[in-house]
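The structure appears right after this line, and notes come after that.
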Amino acid sequence: MKPKRKCNAEMTTDQDFVDCPKNSLWGGSDAIFAVRLVDWQRRCGRRDLPWQGNDPYRVWLSEVMLQQTQVRTVLPYFARFVARFPTVEALAAAPLDEVLALWSGLGYYARARHLHAAARLWVARWPRSCPRGAQEWVQLPGVGRSTAAAIAAFVQGERVPILDGNVQRVLCRLFAVEEDPRAAATAGRLWDLAQSLLPHDSDDMPAYTQGMMDLGALVCTRARPRCDVCPVVDLCAAHCLGIAAELPRKRARAPVPEQDLRWGWYEEDGAVWLVRRAPQGIWGGLWCLPQEDQAPPGAWRAAGEIARLTHRLTHFTLKITVTRYLPQAPRAVEPAAAWGEEARCLAPADALALGVPQPLRRLLERAVDSLAESGNEGERRIGVAKGKFEVLERIDGHDKEIERLLRGGGKP
DNA sequence: AAGTCGTGGAT
DNA sequence: TATCCAAGACT
């Protein structure tokens, strides 16, 4: 698209400034941007999401779930969550383990721990009520400036701006901001711009806030923005300059490093040992296979590697090797003290009811499938059927042994 | 104040 | 396939 008018750096005369769309954004009290956006949201925006309304609990819960997570992904988790915990009181009364189990698979598990702590703080400090205004919402753990503003705008119509990824992109284009929006200095400027665009009437805040999100998600998208249907295209400096699709500028990202991880599949009479991970770090508080940072405990013998999983995260790639262990003696063995106090031995189907990280969830699901297939009562084993893993690599020099283990067989 | 934290959708 | 990144917060 070609620039239709001069803007920003090209402006040299007073007339250029008058012609620049950026000028009309600052054009006094008409608040044309907000008026247009609110009108557009009410006609074309999303109005049927299950958390929309003024229930503070549902709005808060959804905003936390939606942090760094797309709407499509959140929908089934939100439904399960409100079915199990219809109120903040119900959530506060639940054990953390149950919250983590419902959160399992959604990622960023600190959100679940903070959510649980926040629910308890909420009912203790605002009994039969809720935080009033962004200043109070932000006091809940897991609720930062943008999330607090979204809740306050939706529930109470407070005139406070949000600044999530969508809004950053919209503002970078609207004002032709070329700097990295995630740099601290740029963020401050974007917050100011966001504040300056708010509607004057607080009754418009819910539709306006939803409109900013909808505009970013549906029209002002990262790739191929739909400027042809944008309600504020004539106010957009980047469109004026013909660079809307190129903003925000993406910064170069370092290549993602790889990290090796070793898990132990300690199998005992059709069940497998799980340990709770420390609250800090990745998968904090979740149940997982014992991670073999040091030598595995005694009384077990290695029975081959049963899986190699590749798990990609934003900042690095995990290569997980899962080694199967069986008791040395036919009788049950004591859980190793090295695993800490919280260790449980569960059938795979039962383990799936706990909060577990996604790669382990897949592993357990395959084990359940395998049990269902091979279901002989006498020879119950947690075999893993060949070809059922998402990612399974041949392990050099042990193909036959691996194959046999993958079938869940015993000695040949 | 950069690093860390998950998973899946979209291109 | 590889890459970016999503209704960010916390340390």
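Throughout, protein chains are lettered first and strands after them, A, B, ... in sequence-line order, and every chain is numbered starting at 1.
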Measure the spacing between [atom1] of [X] and [atom2] of [Y] and express it to the nearest 0.5 Å.
{"X": "A/Met65", "Y": "A/Thr73", "atom1": "CE", "atom2": "OG1", "answer": "11.5 Å"}
{"X": "A/Leu174", "Y": "A/Cys240", "atom1": "CG", "atom2": "SG", "answer": "11.5 Å"}
{"X": "A/Leu91", "Y": "A/Leu102", "atom1": "CG", "atom2": "CG", "answer": "9.5 Å"}
{"X": "A/Asp39", "Y": "A/Arg36", "atom1": "CG", "atom2": "CZ", "answer": "9.5 Å"}
{"X": "A/Leu309", "Y": "A/Lys319", "atom1": "CG", "atom2": "NZ", "answer": "10.0 Å"}
{"X": "A/Trp273", "Y": "A/Leu289", "atom1": "CH2", "atom2": "CG", "answer": "13.0 Å"}

Any residue in [range] with a heavy atom nearer than 4.0 angstrom to DNA chain C? Just list them by number, or reply none.
{"range": "residues 164-172 of chain A", "value": "A/Asp164, A/Gly165, A/Asn166, A/Arg169"}
{"range": "residues 133-146 of chain A", "value": "A/Pro141, A/Gly142, A/Val143, A/Gly144, A/Arg145, A/Ser146"}
{"range": "residues 205-223 of chain A", "value": "A/Gln210, A/Met213, A/Arg222"}

Residue mapping more 5' on DNA chain B - nearest nucleotide basis, A/Ala184 or A/Tyr109: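 Closest to the 5' end, via its nearest nucleotide, is A/Ala184.
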Using heavy atoms to find the nearest nucleotide of DNA chain B for A/Thr69 and A/Arg224 separately, return the residue whose nucleotide is more 5′.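 Residue closer to the 5' terminus by nearest nucleotide: A/Thr69.
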Mind checking if [X] touches a base, just sugar-phosphate, or nothing, with heavy atoms under 4.0 Å?
{"X": "A/Pro359", "value": "sugar-phosphate"}
{"X": "A/Leu313", "value": "base"}
{"X": "A/Gln358", "value": "sugar-phosphate"}
{"X": "A/Leu106", "value": "base"}
{"X": "A/Phe316", "value": "sugar-phosphate"}

Using side-chain heavy atoms (C-beta onward) and a distance below 4.5 Å, is [X] in contact with [Y]?
{"X": "A/Leu197", "Y": "A/Leu193", "answer": "no"}
{"X": "A/Ile282", "Y": "A/Arg277", "answer": "yes"}
{"X": "A/Glu178", "Y": "A/Ile243", "answer": "yes"}

Can you tell me, in whole Å, how much space there is between the P of B/dG6 and that of C/dT11?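 That atom pair is separated by 14 Å.
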Roughly how many Å apart are B/dA2 and C/dA7, using the P atom of each and rounding to a whole number?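 So the two P atoms sit 25 Å from each other.
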May I ask you to check whether A/Trp122 and A/Trp137 place their ring centers less than 6.0 Å from one another?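 Ring-ring flag for A/Trp122/A/Trp137: true, centres closer than 6.0 Å.
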Residues within residues 45-62 of chain A bordering DNA chain B, heavy-atom distance below 4.0 Å: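 Correct list: empty, so none.
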What is the 5' to 3' range of DNA chain B, first to last nucleotide, that sits under 4.0 Å from any heavy atom of chain A?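 Nucleotide range with atoms under 4.0 Å of chain A: B/dT4 to B/dG9.
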So, the side chain of A/Gln52 versus the backbone of A/Asp48: is there a donor-acceptor pair under 3.5 Å, distance only?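 Flag set: sc A/Gln52 to bb A/Asp48 pair under 3.5 Å.
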The test is side-chain contact (heavy atoms from CB on, under 4.5 Å); show your working for A/Asn166 and A/Leu215 and say whether it passes. CA-CA 8 Å; A/Asn166 283 326; A/Leu215 191 67; over 6 Å; no
Which atoms form the tightest heavy-atom contact between A/Ala343 and A/Val275, and what is the distance?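 Heavy atoms of A/Ala343 and A/Val275 come nearest at CB-CG1, 3.9 Å.
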For A/Gln210 versus A/Arg46, what's the shortest heavy-atom pair and its separation?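 Smallest heavy-atom distance, with atoms named: CG-O, 3.9 Å.
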I need the single residue from A/Phe85, A/Phe78, A/Tyr77 that forms a ring-ring contact (aromatic ring centres under 6.0 Å, His included) with A/Phe81. Which is it?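 The passing option is A/Phe85.
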Return the 5'-most residue of the pair A/Thr147, A/Pro248 with respect to DNA chain C, ranking by each residue's nearest nucleotide.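 It is A/Pro248 whose nearest nucleotide is closer to the 5' end.
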Can you tell me how the ring of A/His311 sits relative to the ring of A/Trp283, calling it parallel under 30°, perpendicular over 60° and tilted otherwise?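 It falls in the tilted class, 30° to 60°.
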In plain terms, say whether A/Glu136 and A/Arg125 are close enough for a salt bridge, that is, a side-chain N and a carboxylate O under 4.0 Å apart.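 Looking at A/Arg125 together with A/Glu136, the answer is no, because their closest N to O distance does not fall below 4.0 Å.
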May I ask you to decide whether A/Asp204 forms a salt bridge with A/Arg42, counting only side-chain N to carboxylate O separations under 4.0 Å?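 Looking at A/Arg42 together with A/Asp204, the answer is yes, because their closest N to O distance falls below 4.0 Å.
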Quick one, A/Arg249 with A/Leu247, criterion side-chain contact (heavy atoms from CB on, under 4.5 Å). Give me CA distance, side-chain angles, the key distance, then yes/no. CA-CA 5 Å; A/Arg249 304 280 185 205; A/Leu247 297 182; 3.7 Å; yes
Positional range of nucleotides in DNA chain C within the contact set of chain A, heavy-atom, under 4.0 Å: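 It runs C/dC4 to C/dC10.
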